[in-house]
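All of these numbers come straight from a predicted model, not from anything done at the bench. In what follows, every chain begins at residue 1, and chains take the letters A, B, ... in the order their sequences are listed.
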2 protein chains.
Amino acid sequence: MMTDKLKTVPEPTLKRLPLYHRFLKELQPTGRESVSCTDIGADLGLDPTQVRKDLEAAGITGRPRIGYTILNLIDGIEEFLGWKKANEAFLVGAGSMGSALLGYHKFEDCGLRIIAAFDADPLKSGKTIHGKHVLPLEKLTELAQRMHVLLGIITVPAAGAQAVAEMMVAGGIRAIWNFAPLRLRVPEHIIVHNEDLYCSLASLSQKLARELQENPLRSVPAVTAVPADILN
Amino acid sequence: MMTDKLKTVPEPTLKRLPLYHRFLKELQPTGRESVSCTDIGADLGLDPTQVRKDLEAAGITGRPRIGYTILNLIDGIEEFLGWKKANEAFLVGAGSMGSALLGYHKFEDCGLRIIAAFDADPLKSGKTIHGKHVLPLEKLTELAQRMHVLLGIITVPAAGAQAVAEMMVAGGIRAIWNFAPLRLRVPEHIIVHNEDLYCSLASLSQKLARELQENPLRSVPAVTAVPADILN
DNA sequence: TAGATTGTTAATCGATTAACAATC
DNA sequence: TAGATTGTTAATCGATTAACAATC
């Protein structure tokens, strides 16, 4: 158990730590006690030194010749990433993406507890999705304030996202996980994390275009007509 | 219209180009003809030189003193990112995340055309989600082959993802957009893009934990009891 | 012409990788 | 002891930022 100050670490390190965590969780049931950076790196295709640096950044120490105690490592990563004490969160936008996130109960293992959803549509508020109540949007600010909810998730369409962000900020929310495809304008102290699928797609699409330019088609089978009624 | 060779560009550049594109699309209706890197940078909070470098990497040129022609810029970015000719894609896993993606019709503007979904569950296959047919999983490989579909989207739970990836590869799919929280083991020439929400959450959660450590609570209003019946 | 902006080269910064000493 | 592995410092690499010349 370590409760040192949480340091600022490079973003890439922050993204890799959960990968280590996942690998260690797979390793745990095997009964092994310790693991080396070489082992972790081998599984994920990473340089062992990088793994060591990441763990060092997270404030986790091992023992020369032995490696790291798996239990210790899992605990240290969870502590460092803030997964030990759950962040309560409000989700706004009970559309399909919102519903999907409400169903990801595994988020709780990562310290995320979505305690309610909100939607401007009266047809949606009042319902329950994956066991979570959907409340009318106008209650967001007040409830966030009263309940000291510090994390907000935005899954509304782009057009409504800025307004929602402002309601969240007004309610004292400090960090926003934004799935709407736009940059939110919020005060500087608010942490915003954009999950911009369009940007993500852009990078995939460019890579595929480039790959196809280099190797047009690996094999060129006859183009067969496909039953029209089976696809739209 | 530019049809030069598509270059390999830094990943960060690839992620920023769609942001420029979005800003330019907003600018377009105003009737303005040209724009400078300073303008773009100001909107997104980026260094103008970085914007210029990114555009240069995408093979787009401007004119000193004038800037870039907006139309030209939009066209150039779309061309470079491969948004001009649609990539046909198969999506596997018609759960809530899959459904959400099937409903994102704006993906088509980014050159992504999801032409069908697949699911192992016979209760789901046969249905139609957001206008797309859901087919039985066992048809995936053959159909991908016959239709020359090159892009696959995985939205099944982690346990099934590796098997799906293998079916995709067998069907000749060249790029995979993976939403399942695990690293897929695929041949080297396959492009994999992991949309790992857990890793993303980790970084947000750590930042929030750190922020709370530094500024525990901006204001400390009384903790009010919340109607128990309104939340679960 | 003068000034704004691109294009391009150099400097800086940060992250990754390599080298090696400390240690169990 | 010898050897594997951590801890730590140095070297490399790549991306960002700064500087400045070219140009419309």
Side-chain angles (χ1 to χ4, degrees), chain A residues 2 4 7-17 19-20 23-24 27 32-77 80 199 202-203 206-207, chain B residues 2 4 7-17 19-20 23-24 27 32-77 80 199 202-203 206-207:
Chain A
M2 38 144 282
D4 304 329
K7 284 183 302 179
T8 310
V9 297
E11 190 73 22
T13 295
L14 233 34
K15 292 259 171 68
R16 282 190 296 264
L17 285 170
L19 300 179
Y20 305 158
F23 172 62
L24 294 165
L27 218 57
R32 262 183 72 173
E33 297 244 314
S34 58
V35 69
S36 75
C37 290
T38 317
D39 298 332
I40 300 177
D43 182 71
L44 292 160
L46 298 173
D47 190 299
T49 307
Q50 184 166 71
V51 177
R52 207 171 306 128
K53 277 259 161 127
D54 288 342
L55 297 180
E56 193 210 326
I60 301 162
T61 54
R63 280 189 305 168
R65 156 84 236 216
I66 312 290
Y68 299 81
T69 311
I70 293 181
L71 238 59
N72 220 14
L73 211 39
I74 291 176
D75 187 78
I77 293 175
F80 182 76
C199 291
S203 125
Q206 204 272 346
K207 280 179 198 152
Chain B
M2 39 143 286
D4 304 327
K7 286 182 301 180
T8 310
V9 297
E11 189 74 20
T13 294
L14 234 34
K15 292 258 171 68
R16 281 188 300 262
L17 285 170
L19 300 180
Y20 305 159
F23 172 61
L24 295 164
L27 219 56
R32 262 182 72 174
E33 297 245 313
S34 59
V35 69
S36 75
C37 291
T38 318
D39 298 332
I40 300 175
D43 183 71
L44 293 160
L46 298 173
D47 189 301
T49 308
Q50 184 167 70
V51 177
R52 206 172 307 127
K53 277 259 162 127
D54 288 342
L55 298 180
E56 193 210 326
I60 299 164
T61 54
R63 280 188 307 167
R65 157 84 235 221
I66 311 291
Y68 299 81
T69 310
I70 294 181
L71 238 60
N72 219 13
L73 212 39
I74 292 176
D75 188 77
I77 293 175
F80 182 77
C199 291
S203 126
Q206 204 272 345
K207 280 178 197 154

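Atom pair I70(A):CD1 and dT5(D):P shows a separation of 14 Å (rounding to whole Å applied). Atom P of nucleotide dT9(D) and atom CZ of R52(A) are separated by 14 Å, given to the nearest angstrom. A straight line from CD of E56(A) to P of dT6(D) spans 12 Å, rounded to a whole angstrom. L14(B) places its CG atom 11 Å from the P atom of dA15(D), with the value rounded to the nearest Å. Atom NZ of K53(A) and atom P of dA15(C) are 10 Å apart (whole Å). Atom CG in D54(A) sits about 16 Å away from atom P in dT8(D), given to the nearest Å. Here the P atom of nucleotide dT8(D) and the CG atom of L55(A) are 13 Å apart, to the nearest Å. A straight line from CG of N72(A) to P of dT5(D) spans 18 Å, rounded to a whole angstrom.
Ranking dT8(D), dT17(D), dT6(C) by closeness to the T49(B) side chain, first place goes to dT17(D). Closest to the side chain of Q50(B), out of dT16(D), dA18(D), dT6(D), is dT16(D).
Residue contacts for T61(B): at a heavy-atom cut-off of 4.0 Å it reaches the sugar-phosphate backbone alone, with no base atom in range. As judged by a 4.0 angstrom heavy-atom cut-off over every strand, S36(B) is placed among residues touching the sugar-phosphate backbone only. Note on R63(A): only backbone sugar-phosphate atoms sit closer than 4.0 angstrom, heavy atoms only; bases stay farther off.
In terms of position on DNA chain C, the residue among P64(A) and P10(A) whose nearest nucleotide sits closer to the 5' end is P10(A).
Dashed line: the shortest gap from a side-chain N or O of R16(A) to OP1 or OP2 of dT16(C) is under 4.0 Å. For R65(B), no side-chain nitrogen or oxygen approaches OP1 or OP2 of dG7(C) to under 4.0 Å. For the pair Y68(A) and dC24(C), the criterion of a side-chain N or O lying under 4.0 Å from OP1 or OP2 is not met.
Using a 4.5 Å heavy-atom threshold, the side chains of Y20(A) and L73(A) count as separate. Taking 4.5 Å as the limit, every side-chain heavy atom of I60(A) sits out of range of all side-chain heavy atoms of F80(A). Looking only at side-chain heavy atoms (C-beta outward), I70(A) and R32(A) come within less than 4.5 Å of each other.
With both pairing distances under 3.5 Å, dG14(C) is matched to dC13(D) as a Watson-Crick or G-U wobble pair. Judged by Watson-Crick or G-U wobble contacts below 3.5 Å, the nucleotide dC20(C) has dG7(D) as its partner.
Nearest heavy atoms, T61(B) versus N72(B): O-ND2, 4.5 Å.
Salt-bridge formation is detected for the pair E11(A)/K15(A): a Lys NZ or Arg NE/NH1/NH2 atom is positioned less than 4.0 Å from an Asp or Glu carboxylate oxygen.
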